[in-house]
Trainee: 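The structure's right below; bear with me while I get my questions together.
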Amino acid sequence: MDENNAYFDNISGSEGAASSQSAGQTWKVPPKQTENRPEITSWEERGSRKGLFLGGVIAGISVALLVVAICYLGFYVQGLVNYNGNTDDALGAEEGNAIDSGMVSKLKALEDTIEKYFYLGETTQEQLQNGIYKGMLASLGDPYSEYYSAEELNALMQQTEGVYFGIGAYVSLDTVSGLPKIAGTIAGAPSEEVGLRTNDLIYEVDGTATYGMTLTEVVSLIKGPENTTVNITIVREGASDYLDFTVTRRKVESPTVEYSMLEEGMAYIQVKEFDSVTVGQFENALASARRDGMKGLILDLRANPGGSLNAVVEMSRMILPKGMIVYTEDKNGKRSEYTCDGTRELEVPLTVLVDMNSASASEIMAGAIKDYELGTLVGTTTFGKGIVQQIMPFSDGSAVKLTISAYYTPKGNNIHGIGIVPDVVCEFEGEKYYGSNGELDNQLDKAKEVLRELMKK
C-alpha cells in the first residue's frame, strides 16, 4: 500500500487538555427516549472497549466529523476509477455478479413503483441513484465504508485546509447508544461558547431524531450558512432531562498542535489530529520546546481522532528510535512497512496522555511509543481502531471509502476492538474539570507526577 494513498478514518475529536472520558456515573436516558431506541445504560460501559466489541457493538465506530463540514483529516486519494455511467455493461454482466440484468430490471420496476405511488413528495433521479450506491456500501456492514456523492466529496476535500464554517465541534458515534456524540470542541468556537461538552449525546438536530443516521447525515443537518443558527438537543451524563442548545454557525479555524512550557522544565504538546499541516506544526513545537530548555515532555493524544498515515509516520520519525513504526496487511496478505532511522530519537523523558477517544493514527504513535518503552502512557484504554481506509474517487466526481487493510504495532499487535491499555491507569474526573472551568485536569496532573519521577532517573 502506497503511504501517500492511505489514511486512518477518524473516530473522535479533541478538546484542549480536557479528556473526553466520563466521570463514571450510571444514568438512564430521560423519558423522551422511545421504545424503538436502545436504552443508554451506563457511562462505565463506554470505558470498556473489549466489552463493546465482543458485544457486537461495532456499528458505532465513527468518522470524527467536524460539524458543518465532513473533516477526514489528512486524506489522500488514488487515481480516478473509470466510469461512464453506461448500464449496457450491467445488462451483460457475468452470472454471479450482484449487478446483472435481473437486478437492473428490478431497479427499474422499483423506480416506476415509487414514481407511481410514493405519496410524501417528488423524488429526483440523482436522489434515487445516490440511495442505491449508498445502500451497496452499507450492505458491507462496515461503518467505515461509505459512498460519497460529488457534492459530499467536494465538501470533504475542502476541509483539509483547517478552516471550517460551523459550530466548531467534532462529532463521533457512541458505540453503546448508537447516537452521535460531541467528541470535542474547539477552543473559542461557538460550540464551546454555548456550553456543549465532550461526550454529550446528540439526540436531535432542529427537532429531527439522529438515531440510526450516519455521521454524514447528522453533519448535513448541523451544517448550514454562516451566521445562521441550529438547535441541538443533547443527553448529558448526570442531567435529569434533555438539554437544548442554540448555536450560531460561523467560520472556525482548527489548530492541530498546541505547545506550552509548564513548570520544572516540562514541555506540553497536544496533538489534536493528524493532518498534513500537523507535521510542520509538531516539528515547530518540538523545536520550541528544545529552545525553551525542555527537560521532559508530556504528549497529549486524548480525544485525538487520528487522520493521515503519512502524517503520523513523519511525526513518529521525529521521536522514535530506529526500527519499525507500523506495518499494514491487506486482504491478500501484502505487507507494507513504515520505519524510522532513529536519527531524531527523543532525548528527554516522555509521558503520553491517552483516553477512550484516542484512535487510529494516535494509537499508531502511542502503540509504537509503548512497544519501544520510549515513554509512559497515562490515562485510560484507547478506542481500538486497527484498520485503514482509502478514498477512491470516480471520474463522475463521486467516491467510495473502503477499509483496505489492518495495521500492526512494531511488536505485531493489532489493537482493533481492543485498544491500548496505558501503563498508568487514571480515570478522568469530569465533574472537577467542568466545575473548575477546565482548571483542574487530574489526568494531566498524573502525567506531571509520572514525568517528575522519570526526570529524576
Side-chain angles (χ1 to χ4, degrees), residues 8 12 14-21 49 184 256-262 265-274 278 281-283 285-286 289 294-307 311-321 323 325-326 340 344-386 409-411 413 415 418-428 441-455 457:
F8 293 94
S12 64
S14 60
E15 188 196 53
S19 165
S20 57
Q21 287 285 7
R49 298 270 66 84
T256 63
V257 177
E258 291 188 0
Y259 159 73
S260 61
M261 182 60 75
L262 307 179
M266 291 185 284
Y268 172 85
I269 297 177
Q270 181 189 27
V271 180
K272 298 182 178 181
E273 57 205 29
F274 289 90
T278 311
Q281 293 176 5
F282 184 68
E283 186 173 28
L286 282 174
M294 170 179 63
K295 297 179 181 178
L297 173 63
I298 297 173
L299 178 61
D300 193 345
L301 299 179
R302 290 176 296 176
N304 183 311
V312 71
V313 167
E314 289 302 313
M315 292 165 64
S316 296
R317 287 171 177 158
M318 299 178 194
I319 61 173
L320 290 179
I325 298 173
V326 63
C340 176
R344 294 185 286 175
E345 181 178 353
L346 188 67
E347 69 280 8
V348 298
L350 171 69
T351 57
V352 183
L353 282 164
V354 293
D355 68 5
M356 64 184 290
N357 283 331
S358 302
S360 298
S362 59
E363 290 176 291
I364 289 293
M365 179 172 279
I369 289 171
K370 184 170 183 177
D371 280 4
Y372 284 114
E373 298 182 356
L374 180 67
T376 301
L377 272 58
V378 178
T380 55
T381 302
T382 62
F383 184 86
K385 181 179 180 295
T409 69
K411 289 186 176 181
N413 298 316
I415 53 83
I418 301 171
I420 301 172
V421 180
D423 302 297
V424 179
V425 175
C426 179
E427 297 288 343
F428 179 61
D441 184 345
N442 69 298
Q443 287 182 325
L444 179 58
D445 290 340
K446 174 57 73 171
K448 291 179 182 179
E449 177 186 323
V450 172
L451 187 58
R452 285 190 188 96
E453 293 301 315
L454 294 174
M455 289 165 61
K457 297 180 180 180

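All values derive from a computational prediction rather than experimental measurement.
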Trainee: Show your reasoning for whether salt bridge (Lys or Arg N to Asp or Glu O under 4.0 Å) applies to Glu449 and Arg452.
Mentor: CA-CA 5 Å; Glu449 177 186 323; Arg452 285 190 188 96; over 6 Å; no
Trainee: Any chance you could lay out the side chain to side chain contact (heavy atoms under 4.5 Å, CB included) test for Ile420 and Lys370, step after step, and finish with the verdict?
Mentor: CA-CA 9 Å; Ile420 301 172; Lys370 184 170 183 177; 4.0 Å; yes
Trainee: Would Asp300 and Val271 count as a side chain to side chain contact (heavy atoms under 4.5 Å, CB included) if you check the C-alpha gap in whole Å, the side-chain angles of each, and the deciding distance to 0.1 Å?
Mentor: CA-CA 6 Å; Asp300 193 345; Val271 180; over 6 Å; no
Trainee: Less than 4.0 angstrom from a charged side-chain N to a carboxylate O is my criterion; do Asp441 and Lys446 meet it?
Mentor: no
Trainee: What's the separation between atom CE in Met318 and atom CD in Glu345, rounded to the nearest 0.5 Å?
Mentor: 15.0 Å
Trainee: May I ask you to decide if Gly384's main-chain N or O and Glu363's side chain share a donor-acceptor pair within less than 3.5 Å?
Mentor: yes
Trainee: Can you tell me how far CE of Met365 sits from CG of Leu301, rounded to the nearest 0.5 angstrom?
Mentor: 6.5 Å
Trainee: Taking side-chain hydrogen bond (donor to acceptor under 3.5 Å, both in side chains) as the test, write out the residues that go with Thr278, two or more places apart.
Mentor: Thr256
Trainee: List the residues meeting side chain to side chain contact (heavy atoms under 4.5 Å, CB included) with Lys295, not counting sequence neighbours, and say none if there are none.
Mentor: Met455
Trainee: Would you sort out whether Leu299 and Ile369 count as a side chain to side chain contact (heavy atoms under 4.5 Å, CB included), showing the intermediate values?
Mentor: CA-CA 11 Å; Leu299 178 61; Ile369 289 171; 4.2 Å; yes
Trainee: Could you tell me if the side chain of Leu444 sits less than 4.5 Å from the side chain of Ile298, heavy atoms only?
Mentor: yes
Trainee: For the CZ atom of Phe274 and the CZ atom of Phe282, what is their distance to the nearest 0.5 Å?
Mentor: 7.5 Å
Trainee: Quick one: pull up OG in Ser358 and NZ in Lys385 and give me the separation to the nearest 0.5 Å.
Mentor: 14.0 Å
Trainee: When you check the gap from the basic side-chain N to the acidic O, do Lys448 and Glu453 get nearer than 4.0 Å?
Mentor: no
Trainee: Would you say CD of Glu347 has more than 12 non-hydrogen atoms from neighbouring residues, nucleotides or ligands within 6.0 angstrom?
Mentor: yes
Trainee: To the closest 0.5 Å, what do you measure between CG (Leu451) and CG (Leu350)?
Mentor: 8.0 Å
Trainee: Could you measure the distance from the CG atom of Leu320 to the SG atom of Cys340? Nearest 0.5 Å is fine.
Mentor: 5.5 Å
Trainee: Could you go step by step and tell me if Leu454 and Lys457 meet the side chain to side chain contact (heavy atoms under 4.5 Å, CB included) rule?
Mentor: CA-CA 6 Å; Leu454 294 174; Lys457 297 180 180 180; 4.2 Å; yes
Trainee: Do Thr381 and Pro422 come close enough that some side-chain heavy atom pair is under 4.5 Å?
Mentor: yes
Trainee: For Thr409 and Asp371, which I'm curious about, is there any donor-acceptor pair between the side chains at under 3.5 Å?
Mentor: yes
